[in-house]
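Here the structure is laid out as structure tokens; the discussion comes afterwards.
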Amino acid sequence: MEHTLQVHNSLTRKKEIFKPITEGFIGMYVCGPTVYSDVHLGNCRTFVSFDIIYRYLKVLKYNVRYVRNITDVGHLLDDGEDRMTKGARMANLEPMEVAQKYSNGFHKMMDIFNTERPSIEPRATGHILEQIEMVQQIIDNGYGYEKNGSVYFDTIKFAEETGEYGKLSGRIIDDLLTETRDNLKKQSEKKHPSDFAIWMKAADDHLMKWNSPWSVGFPGWHLECSAMSTKYLGTHFDIHGGGNDLKFPHHENEVAQNIGACSCQPSNYWLHTNMLLMNGRKMSKSDGNTISPEELFTGDSVHVSKGYSPMVVKFFMLQSHYRSTLDLTDDALLAAEKGYKRLMEAHKNLKKITTENTSNSDSVNEEIQKYITAAYADMNDDFNTPRALSQLFALVSIINGFVDGKRDISGLSQETLESLQSTFSIFMDDIFGLKNDLESGDNNGLVEGLMDLIIDIRQKARENKDWGTSDQVRDKMKELNIVLKDGAEGTSWTMK
RNA sequence: GGUCGCGUGGCCGAGUGGCUUAGGCAGUGGUCUGCAAAACCAUCUACGGCGGUUCGAAUCCGCCCGCGACCUCCA
């Protein structure tokens with residue numbers, strides 16, 4: 001069952017066969033959050049997407065070093081103030097307190113979505129020396145110039161000499177030359193509007209600043225990713241990821257810095273996730289078209305009719321491809337919740353299935369194997385989670401048929417059953433990281449024990465055709481949001 | 001204004017030259033069941049508009065309409 005992994009490379013705008021630089025090893029860098037406020041639901045989608053990619057690469061037996069940074073300096077607002085500084089002053093905190101507070105919140109949210117921590121999570125403020133060194137290299141190579149203590153990257157010279165600027169984002173230098181935006185014009189220290197700061201001289205009241213050969217100041221935002229990816233993954237690594245909106249200028253400038261410093265295109269494959277929309281429009285705090293992860297979980301928002309569990313939200317995200325925009329609506333979430341329950345129920349029931357394999361029919365085994373193979377093929381096709389899920393749902397139908405006794409299980413071989421069980425376990429646990437959060441499970445089996453007792457007593461009533469008692473139990477349980485289902489193999493229950 | 005992308009059935013969402021029943025949810029009919037729920041089986045609704053290329057296009061090309069992203073901080 002040999003497959004070839006293909007990924008869509010933003011650099012070439014094509015799907016390409018994935019070949020690691022060093023067989024068996026993968027270096028992957030993903031741009032992480034700026035920790036100046038609570039994590040945005042859109043961020044969650046991006047990091048969930050890359051978590052799936054990370055997990056799947058590991059399932060393919062690659063040894064992956066996954067680096068995801070935390071930006072805690074250098075990210076400027078429109079008014080020129082550093083995001084971290086502004087957050088600190090408004091809350092009367094040290095900048096590092098702000099960074100720590102929102103880093104903690106970010107990690108907590110990533111845990112709630114059951115994503116794995118990266119191998120290395122470097123902070124920009126912890127890598128000032130590396131960034132200063134890189135600025136010096138860029139200056140030495142002739143692509144940086146100093147002006148009044150700040151250092152800028154010379155995009156025009158770089159573009160003319162290397163022809164590399166604009167490749168990733170599809171921008172061409174002629175467009176840059178005709179750039180006429182007013183707010184770029186006023187930045188008169190630059191030789192050209194498309195030039196960008198790699199070191200900024202700090203004003204006297206600036207809170208976060210360091211010594212450098214040029215001034216007391218701080219690094220430009222784009223620089224940290226270049227410096228930290230180089231430090232932990234080398235000058236040339238396999239995968240660089242991030243949100244679509246970072247393509248320009250952040251990633252374009254990152255490429256320019258790496259090439260400018262050491263003449264090397266940093267990453268072979270650039271992967272970009274698409275945006276999460278709500279009701280067909282971009283989420284935006286200013287016009288109220290936004291919802292926080294917490295509001296989504298609790299249902300405390302005008303945009304949803306009820307709360308949705310984190311795993312339902314994650315499942316909802318997996319039902320679309322990471323390169324497509326995804327429209328978050330209440331109807332879509334309701335649908336996702338039902339589908340997710342169905343998937344989890346089958347996953348649970350699958351673990352209980354046993355087979356005697358008394359018949360010699362191969363058809364059911366072949367059919368199951370076909371869907372299993374297809375699911376992996378879909379993941380190999382640029383991590384197509386919606387398609388892989390559709391294969392799993394085909395298997396859900398088969399599993400439900402077995403459980404209900406409506407499909408003949410006698411032809412199911414032990415080998416196929418084990419393959420089916422391990423496939424579900426690999427996809428649900430290892431790749432998707434979906435856990436059943438629709439049932440309460442933190443009471444050491446007390447609920448399970450009580451439910452077994454209640455079902456047993458009700459069963460006695462049913463055997464005596466005491467429907468009144470039987471229905472009363474079921475109705476009362478329903479009021480407690482526990483649904484009883486009478487099947488061929490006895491009564492089962494689920495939390496509503 | 002410039003760059004890029006998208007427009008699929010009631011909703012979300014895959015798919016790219018002919019054969020994918022994509023899938024999930026909702027709907028309809030049936031099976032099962034003391035009833036119910038669930039499940040299973042069957043089934044309906046589709047590729048924004050107009051032209052072109054082709055034996056054949058939802059899929060390629062052109063134009064139009066609509067939507068979005070980026071160009072300024074953004075995942």
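Treat the numbers as computed from the prediction; the structure is a model and nothing was measured.
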Q) With respect to the side chain of Arg474(A), which nucleotide from C35(B), A37(B), A22(B) is positioned closest? A)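 Shortest atom-to-atom distance from the side chain points to C35(B).
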
Nearest whole Å is fine: how far is [N] [atom2] from [X] [atom1]?
X         : N      : atom1 : atom2 : value
Met275(A) : G13(B) : CE    : P     : 15 Å
Leu276(A) : G13(B) : CG    : C1'   : 14 Å
Leu318(A) : A14(B) : CG    : C1'   : 14 Å
Gln391(A) : G24(B) : CD    : P     : 11 Å

Q) Under a cut-off of 3.5 Å for both distances of each Watson-Crick or G-U pair, what dot-bracket string does RNA chain B give, using [ ] for crossing pairs and | for inter-strand pairs? A) (((((((..(((.....[....))).(((((.......)))))....(((((..]....))))))))))))....

Q) Is Asn384(A) touching bases, backbone alone, or none of the nucleic acid, heavy atoms closer than 4.0 Å? A)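 Sugar-phosphate, backbone atoms only, no base.
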
Q.
Using a heavy-atom cut-off of 4.0 Å across all strands, would you classify Lys282(A) as base, sugar-phosphate, or nothing?
A.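 Since a base atom lies under 4.0 Å of Lys282(A), the category is base.
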
For nucleotides 5-12 of chain B, print each protein N/O atom paired with a nucleotide N/O atom at under 3.5 Å, atom names and distance only.
none

(Q) Taking the C1' atom in each of G34(B) and C44(B), what is the distance between them to the nearest angstrom? (A)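 Nearest-Å result for G34(B) against C44(B) at atom C1': 33 Å.
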
Q) For atom C1', what is the distance between U54(B) and A22(B), given to the nearest Å? A)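 Result for the C1' pair: 26 Å, nearest Å.
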
Q. Partners of Ala335(A) by side chain to side chain contact (heavy atoms under 4.5 Å, CB included), sequence neighbours excluded?
A.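 Scan of Ala335(A) (side chain to side chain contact (heavy atoms under 4.5 Å, CB included), adjacent residues dropped) gives none.
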
Q. Between His240(A) and Tyr29(A), how do the two ring planes meet: parallel, tilted or perpendicular, split at 30° and 60°?
A.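 Ring orientation, 0 to 90° scale: tilted.
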
